[in-house]
Colleague: 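Here's a structure for you.
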Protein chains: 4
Amino acid sequence: MSEVGYEQMSIEGIAARAHVGKQTIYRWWRSKSAILAECVLEGLILPSQDVPEDTGDLREDLLGWLRRALQDLGDPANASLLRGLVSAAADDPDLAAVLYERLTGPQEATMAERLRRAEAGGEIDSTLTSTAVIEMLFGTIVYRILSRLDVGPELADGLIDTLLNGLRGDRRNS
Amino acid sequence: MSEVGYEQMSIEGIAARAHVGKQTIYRWWRSKSAILAECVLEGLILPSQDVPEDTGDLREDLLGWLRRALQDLGDPANASLLRGLVSAAADDPDLAAVLYERLTGPQEATMAERLRRAEAGGEIDSTLTSTAVIEMLFGTIVYRILSRLDVGPELADGLIDTLLNGLRGDRRNS
Amino acid sequence: MSEVGYEQMSIEGIAARAHVGKQTIYRWWRSKSAILAECVLEGLILPSQDVPEDTGDLREDLLGWLRRALQDLGDPANASLLRGLVSAAADDPDLAAVLYERLTGPQEATMAERLRRAEAGGEIDSTLTSTAVIEMLFGTIVYRILSRLDVGPELADGLIDTLLNGLRGDRRNS
Amino acid sequence: MSEVGYEQMSIEGIAARAHVGKQTIYRWWRSKSAILAECVLEGLILPSQDVPEDTGDLREDLLGWLRRALQDLGDPANASLLRGLVSAAADDPDLAAVLYERLTGPQEATMAERLRRAEAGGEIDSTLTSTAVIEMLFGTIVYRILSRLDVGPELADGLIDTLLNGLRGDRRNS
DNA sequence: AGATAATCGAGACGGTACGTCCGGTCTTCCC
DNA sequence: GGGAAGACCGGACGTACCGTCTCGATTATCT
């Protein structure tokens with residue numbers, strides 16, 4: 001898929017490359033997107049995602065976490081794979097669910113706990129859910145990748161700053 | 001496309017429905033996604049986007065603008081069309097550019113001016129570009145639509161709050 | 001085979017109907033036509049053939065014998081089975097041999113003896129072998145069945161008359 | 001078909017050899033046997049059949065005609081083709097009709113006229129139809145070819161003798 | 001007004017891939 | 001330890017579209 005894109009990737013081609021009969025593929029997966037769904041579940045496509053650390057400094061924790069995610073997607077091959085996944089997910093709700101779970105899920109619990117502790121510690125003061133935070137960050141990244149804009153670790157600062165402080169800037173210490 | 005999705009939409013089907021020869025289509029467009037690109041440019045698919053008003057209250061202006069956008073995409077047919085466009089754009093950089101321009105462009109100038117005035121008026125204090133702001137908002141929406149999550153005007157408040165104040169909450173008056 | 005014809009009859013279908021593993025079939029028969037060959041040998045398909053009686057009247061003996069054969073093949077199911085066998089035999093020399101033996105063989109010895117006695121009795125005066133006689137009769141029948149022409153006992157008279165007297169008519173008493 | 005037999009002859013193979021798309025074949029013929037039917041009609045498979053001459057001597061006319069037919073079918077390639085046609089016709093009534101018409105038809109009218117004249121001239125004395133005569137001769141030949149028995153011009157004499165005189169021999173001059 | 005283009009609908013064409021069926025082999029597991 | 005069950009590789013089936021290519025039959029323009 002990273003070579004020719006999702007549309008050009010054929011089941012016959014997969015079978016041929018795998019030296020496998022076409023029927024064997026159809027025996028195990030209902031469609032091309034179902035293959036992708038399993039690849040995603042098995043971690044074969046999307047690089048395994050870290051969860052934010054907890055060093056006590058929320059900003060640094062989020063920055064490091066997001067930078068690593070952006071680092072992976074800076075590789076054109078990975079960006080191409082993600083575009084393929086998005087293309088497939090747009091036509092297959094099942095894959096969409098798997099993809100969403102894979103992207104948003106693992107970080108969710110950790111992020112929720114992290115935010116709760118940050119709130120307790122006075123670092124933040126918000127009712128926004130951890131899911132919404134993750135959706136904003138990943139949404140922005142996916143949007144840029146679909147638009148074929150550059151994606152790199154340097155994006156992390158702007159995103160995290162806005163996320164934490166908003167456009168009104170950091171007035172914590174003012 | 002809203003009926004069967006992007007993949008199932010065939011050029012032969014388009015020609016047949018239009019009572020037109022296939023060649024006539026190929027005479028005018030290079031590919032299926034090129035047809036979509038022109039549809040987008042002509043405003044036939046994406047509902048025409050408003051730009052934020054300027055009432056003096058940045059928060060209300062953004063809220064109203066975003067709510068209208070979310071209102072449109074709350075319609076499943078429109079969400080389906082957007083998924084089709086994303087699917088097509090994932091495989092066609094040209095369409096991706098057109099789509100990005102269509103989604104991000106019209107609001108950009110107005111938003112830039114709006115932010116500049118807000119900054120001058122002390123409403124905000126940020127270096128984030130207007131483009132980045134739009135990408136964050138639309139990225140989040142597109143991400144939710146691809147994930148088949150509900151999209152409705154009620155999302156606007158959370159997004160705008162976070163965008164303006166950050167997770168640290170509104171300390172404008174503190 | 002009588003239901004769907006030879007081509008549509010699959011080994012998988014046979015195995016499934018017999019509640020038997022495919023391998024078990026391949027263990028005992030080399031091919032689809034080999035199964036048919038054994039069916040023929042076991043008398044499961046072609047109704048068992050009589051041999052001509054010997055009442056002293058060659059014409060009546062042959063007539064009765066041929067009428068019984070035609071009677072069987074007048075049943076469309078039997079005609080269909082025969083077409084299936086022919087179709088299979090056309091592709092498999094082994095089955096062709098079995099089928100030929102089954103059709104031509106049993107009658108051959110009796111017919112040879114019958115002709116010999118008829119010749120001795122002055123009933124006939126020919127050097128044609130019994131095999132050739134049988135081939136002419138069965139050949140005509142098979143030809144009509146393949147051509148989907150009607151086959152019934154009434155054909156017997158014409159065939160036997162021609163066989164005995166030829167086109168020049170019965171001049172036995174002239 | 002003469003190389004691999006009817007069953008092994010695939011439509012894909014035909015298309016490939018003809019440097020033609022598969023769909024083009026399906027556009028013009030409904031099935032493999034329909035292709036054969038047209039080949040037969042066009043005279044591409046069965047060598048064009050003569051009709052009996054009329055030299056005044058019925059026996060010689062029939063002998064010459066039958067010998068030529070047997071000559072053709074003595075070629076193993078032609079015999080193989082005929083077996084393929086029979087195999088196909090066994091599963092396809094339409095092809096069976098075409099094949100029957102091709103084999104039996106052209107000679108029919110001439111044969112009918114020939115027999116009528118022979119009868120008028122006292123050569124024969126029979127009510128057997130020309131069609132039945134042809135069926136007997138061709139049936140015998142087809143039967144032998146299906147059985148993979150030798151077929152050659154030398155068969156003609158026996159068949160014609162039996163046909164004209166019957167097993168009782170030629171008593172015309174006795 | 002009549003000749004000359006240009007454009008169109010229709011759809012055949014050589015291809016590629018689809019998803020299914022079956023052939024013949026091999027493996028697992030149960031009785 | 002033989003057989004049912006069925007997975008496996010392979011390959012043909014008949015269908016749907018792809019993008020290219022001829023065909024007339026309108027139109028539109030230009031002598």
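Naming: A, B, ... by sequence-line order, numbering from 1 per chain.
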Colleague: Which donor-acceptor pairs under 3.5 Å do side chains of residues 141-151 of chain B form with protein atoms, sequence neighbours excluded?
Modeller:
residue: B:Y143; atom: OH; partner: A:T104; partner atom: OG1; Å: 2.7
residue: B:R144; atom: NE; partner: B:D150; partner atom: O; Å: 3.2
residue: B:R144; atom: NH1; partner: A:E135; partner atom: OE1; Å: 2.6
residue: B:R144; atom: NH1; partner: A:E135; partner atom: OE2; Å: 3.2
residue: B:R144; atom: NH2; partner: B:D150; partner atom: O; Å: 3.1
residue: B:S147; atom: OG; partner: B:Y143; partner atom: O; Å: 2.8
residue: B:R148; atom: NH1; partner: A:A89; partner atom: O; Å: 3.0
residue: B:R148; atom: NH1; partner: A:A90; partner atom: O; Å: 3.4

Colleague: How far does CG of D:L85 sit from OG of D:S80, to the nearest 0.5 angstrom?
Modeller: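 Interatomic distance, D:L85 CG to D:S80 OG, rounded to 0.5 Å: 9.5 Å.
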
Colleague: For chain A and DNA chain F, what are the first and last nucleotides along the strand, 5' to 3', with at least one atom under 4.0 angstrom from a heavy atom of the protein chain?
Modeller: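 The footprint of chain A covers F:dA7 to F:dG10.
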
Colleague: Residues in side-chain contact (heavy atoms from CB on, under 4.5 Å) with C:S31, at least two apart?
Modeller: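 Only C:S33, C:A34, C:D92 meet the side-chain contact (heavy atoms from CB on, under 4.5 Å) criterion with C:S31.
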
Colleague: Nearest heavy atom decides the nucleotide; on that basis, is C:G21 or D:Q23 closer to the 5' end of DNA chain F?
Modeller: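 The residue whose closest nucleotide sits nearer the 5' end is C:G21.
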
Colleague: What's touching nucleotides 17-19 of chain E from the protein side, N or O pairs under 3.5 Å?
Modeller:
residue: E:dC18; atom: OP1; partner: A:I11; partner atom: N; Å: 2.8
residue: E:dC18; atom: OP2; partner: A:I11; partner atom: N; Å: 3.3
residue: E:dC18; atom: OP2; partner: A:E12; partner atom: N; Å: 2.8
residue: E:dG19; atom: OP2; partner: A:Y26; partner atom: OH; Å: 2.3
residue: E:dG19; atom: O5'; partner: A:Y26; partner atom: OH; Å: 3.2
residue: E:dG19; atom: N7; partner: A:K22; partner atom: NZ; Å: 2.9
residue: E:dG19; atom: O6; partner: A:K22; partner atom: NZ; Å: 2.7

Colleague: State which residues pass side-chain contact (heavy atoms from CB on, under 4.5 Å) with B:D91; sequence neighbours excluded, sorted by chain then number.
Modeller: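 B:D91 satisfies side-chain contact (heavy atoms from CB on, under 4.5 Å) with A:E7, A:S87 once adjacent residues are dropped.
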
Colleague: Which part of the nucleic acid, if any, lies within contact of C:W29, taking any heavy atom under 4.0 Å across all strands shown: a base, the sugar-phosphate backbone alone, or nothing?
Modeller: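 No contact.
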
Colleague: Between A:K32 and A:Y6 (side chain of the first, backbone of the second, donor and acceptor by atom type, cut-off under 3.5 Å), is there such a pair?
Modeller: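 The answer is yes, because a donor-acceptor pair under 3.5 Å joins these two groups.
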
Colleague: May I have the list of side-chain donor-acceptor pairs in residues 13-30 of chain B shorter than 3.5 Å, sequence neighbours left out?
Modeller:
residue: B:R17; atom: NH2; partner: B:E3; partner atom: OE1; Å: 2.7
residue: B:K22; atom: NZ; partner: B:E12; partner atom: OE2; Å: 2.8
residue: B:W29; atom: NE1; partner: B:E38; partner atom: OE1; Å: 2.9

Colleague: Is there side-chain contact between A:L36 and A:V98, with at least one heavy-atom pair below 4.5 Å?
Modeller: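 With C-beta onward as the side chain, the pair stays apart.
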
Colleague: Partners of A:D75 by side-chain contact (heavy atoms from CB on, under 4.5 Å), sequence neighbours excluded?
Modeller: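 With neighbours one apart ignored, the set is A:A77, A:N78.
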
